[in-house]
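Read the structure below first, then the notes.
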There are 2 protein chains.
Amino acid sequence: MQQEADKQSKLGVLGGGQLGRMLIQAGMNLNLHTKVLDPDAEAPCRDLASEFVVGSLTDYKTVIEFGQDVDTLTIEIENVNTDALMDLQKQGVKVYPQPEIIRMIQDKRTQKLFFREHNIPTSEFFLTSNKEELQDFIQFLPAVHKIGKGGYDGKGVIKLSSEEDFDKAFDAPSVLEKLVDIEKEISIIIARTIKGEVKAYPAVELVYHDANLVDYLLGPAAISNEVAEEAERIATDLVNEMEFVGLLAVELFVTKSGKVLVNEIAPRTHNSGHQTIEANYTSQFEQHLRAVLELPLGSTQLRTPSAMVNVLGEEGYTGMAHYEGLSEVLGKEGVYIHLYGKKITKPNRKMGHVTIIDENKEQLLEKVDFVKKTLKVISLEDQDADTTEEVTEDDE
Amino acid sequence: MQQEADKQSKLGVLGGGQLGRMLIQAGMNLNLHTKVLDPDAEAPCRDLASEFVVGSLTDYKTVIEFGQDVDTLTIEIENVNTDALMDLQKQGVKVYPQPEIIRMIQDKRTQKLFFREHNIPTSEFFLTSNKEELQDFIQFLPAVHKIGKGGYDGKGVIKLSSEEDFDKAFDAPSVLEKLVDIEKEISIIIARTIKGEVKAYPAVELVYHDANLVDYLLGPAAISNEVAEEAERIATDLVNEMEFVGLLAVELFVTKSGKVLVNEIAPRTHNSGHQTIEANYTSQFEQHLRAVLELPLGSTQLRTPSAMVNVLGEEGYTGMAHYEGLSEVLGKEGVYIHLYGKKITKPNRKMGHVTIIDENKEQLLEKVDFVKKTLKVISLEDQDADTTEEVTEDDE
């Protein structure tokens, strides 16, 4: 049975961060009833969700109870209790993406094994169970060492150049990936419905700075048609091989020799898709809703070239957020500010993002510079780190 | 003092209908705290406003109490108690648009006198106080007879062709306007800030059907550059002459002889500006916020040609709203559905709108036809007219 948004069907969302917030915003125009679970009573979704429940996403009983009265259940963060999702699915709740796929993606080790098994191009790798085992792979260095579960926003990933770096390595099940000669990092957001309809967004390009948080994104990515087609083919293979239902973010490397390799995937909306709100016909958030509500997918076509800048808490400030330069940034044409309703700023906390659209690339990049220079999140108070607002962000 | 959105300043809004709802949606990305007053506990803003108060918009004491703790107060409907607004202004609340302008616009008679006094081109007219006085103006017929206060959505307006029509006339202070030979009806949305910054949107064209509710809107209007410039000049004169702060909707006639005349104005966001959400760089709702929060105005530039269709309750159905054809309409590219969260449908009730964008005009109009044919608001229940949800819509 197709479940139409007009029936006031209830959508449950595990996670109440900014991704959930923007998902709710996209659902408002369909009169969608949303019920959100998050451990943080001050999470960005708190005031926007039709119903907001405070509780653990990883606790079996909490998730089961939360999901009892929803028609469809989805996620905005992958660190959730998948046993509960499987049991809810057995009880008749539609769970998209499917729990077994979320479980596979939760662990970077099973992700990598899936790629290998299904001929999805990815970097060479070995799995390790603990720090000691790394000794067996000295010949494999330099490599990237990634913890299997629980890493986010650059945490849980280190580079191992030589044996000396083993001190810093994780003493936990991990992946050791051959260091790739990266020309560009790109990302493709792709959606698939239960009927097998698939639509991919044009690839965007990620430009990183030192702290390993995304500095800005450029859409469309400056890549050849061949690379663009190969990336889309890989993303399409991925969702089809998984029989995925929902929205999948696919982070890819373009190597200096022109190969396209999957880095990581996330079974949800993604930081690299934020600019679709203004730059594409359909936003990634509406597309996610369409996919999980069994509606037709929307056009992913580009309307205007764009860039996206994360608005991060400035170093040295913790406390009630104050936004400097908002007015100046709003004075520029084609600049869209999205604040996430977070009360407390902390160094590098994602407080919002800014999308910039411009047909002219030079002007686009000038505005990126202006926004990054001008918009600052600080705190005017001299306040100790807040302990009530939990930071469990996962939308890298 | 400039009041920045980042200070969690509180915006009060009189009226909680769809215009208020879309205003709140535009404010979410600025972390704006909104407090809304509406007589209807089920008004479209009920779940989206940070604070929602049920009460009369025309009661002095209710409005005064409501406005005590807001920094800025604005409206989404003009039928409000302006005495209360004036007193709140004296108490230091910023009230935009200014109460005396709202009062002038509330009455179509004082609107017309303002146009005459400030050389704003408009149709010839006389003011009448009651039905009897119409007898003096038989020579002036055919004319349009408009009640001074309280008309909306085509109500309060009738055509008087001859003396025989006087039966149907309003026995209340009214305007009698010379019938104009209309070539086109167009609308311009224009904003002005306290600093005197003015920005107008490109004119859109209104296509009416019999019931005198807007059938669809086309943007930009198919008018000559001369007419477009003249319309923008008139709109600009209007806001400057009034020293208006906020967003003004200006409905104009283009006559068969090529003259541009002001029909009516509204001191708020307007049905004829809905397509700016997708079709222009800045939506009318964000522009309204920018104007009343003393931020720089956004670009009004067109991104894509568009059409807008109101989604009205079907004749013959009153009860819990059910939307037919949602899925089919979502299957078309560049089609944006906006439902207003109204539970109860009634014949011709505005339940939502659909914006369609397309570079190709022929395809645009085909999609308009498709949407109008396909999307229907009915009720599956056999229910008597609902009496709890008040219908006081005023966004014509």
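First the proteins, then the strands, lettered A, B, ... as listed; each starts at 1.
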Working to the nearest 0.5 angstrom, can you tell me the gap between Leu326(A) CG and Leu293(B) CG?
11.0 Å

State, to 0.1 Å, how close Arg290(A) and Val335(B) come at their nearest heavy-atom pair, and which atoms those are.
NH2-O, 4.4 Å

Can you confirm whether more than 12 heavy atoms, excluding those of Glu359(B), are under 6.0 Å from its CD atom?
yes

Contact class of Leu330(A) relative to chain B, heavy atoms under 4.5 angstrom:
both

Which heavy atom in Ala279(B) sits nearest to a heavy atom in Arg303(A), and how many Å separate them?
CA-NH2, 4.4 Å

Which pair of heavy atoms, one from Asn31(B) and one from Lys342(A), lies closest together, and at what distance?
ND2-N, 4.5 Å

Turns out that what part of Ser50(A) lies under 4.5 Å from chain B's heavy atoms comes down to neither

Roughly how far, to the nearest 0.5 Å, is the CG atom of Leu48(A) from the CG atom of Leu48(B)?
6.5 Å

Approximate separation, where rounding is to 0.5 Å, of His353(A) NE2 and Asn29(B) CG:
7.5 Å

Looking only at Glu278(A), Glu286(A), Met28(A), the option with the highest number of non-hydrogen pairs under 4.5 Å against chain B is Met28(A)

For the NZ atom on Lys367(B), are there more than 12 heavy atoms of other groups (residues, nucleotides or ligands in this structure) within a distance under 6.0 Å?
yes

Decide yes or no for Tyr323(A) and Leu30(B): does some side-chain heavy atom of the first lie under 4.5 Å from some side-chain heavy atom of the second?
no

Measure Ile337(B) against the heavy atoms of chain A and call it side chain, backbone, both or neither at under 4.5 Å.
both

Output all residues satisfying side-chain hydrogen bond (donor to acceptor under 3.5 Å, both in side chains) with Glu51(B), sequence neighbours left out; order by chain, then residue number.
Lys10(B), His33(B)

Measure from the side-chain N and O atoms of Tyr336(A) to the backbone N and O of Tyr281(B), and report whether any donor-acceptor pair falls under 3.5 Å.
yes

Does atom NZ of Lys199(B) have more than 12 heavy-atom neighbours from other groups under 6.0 Å away?
yes

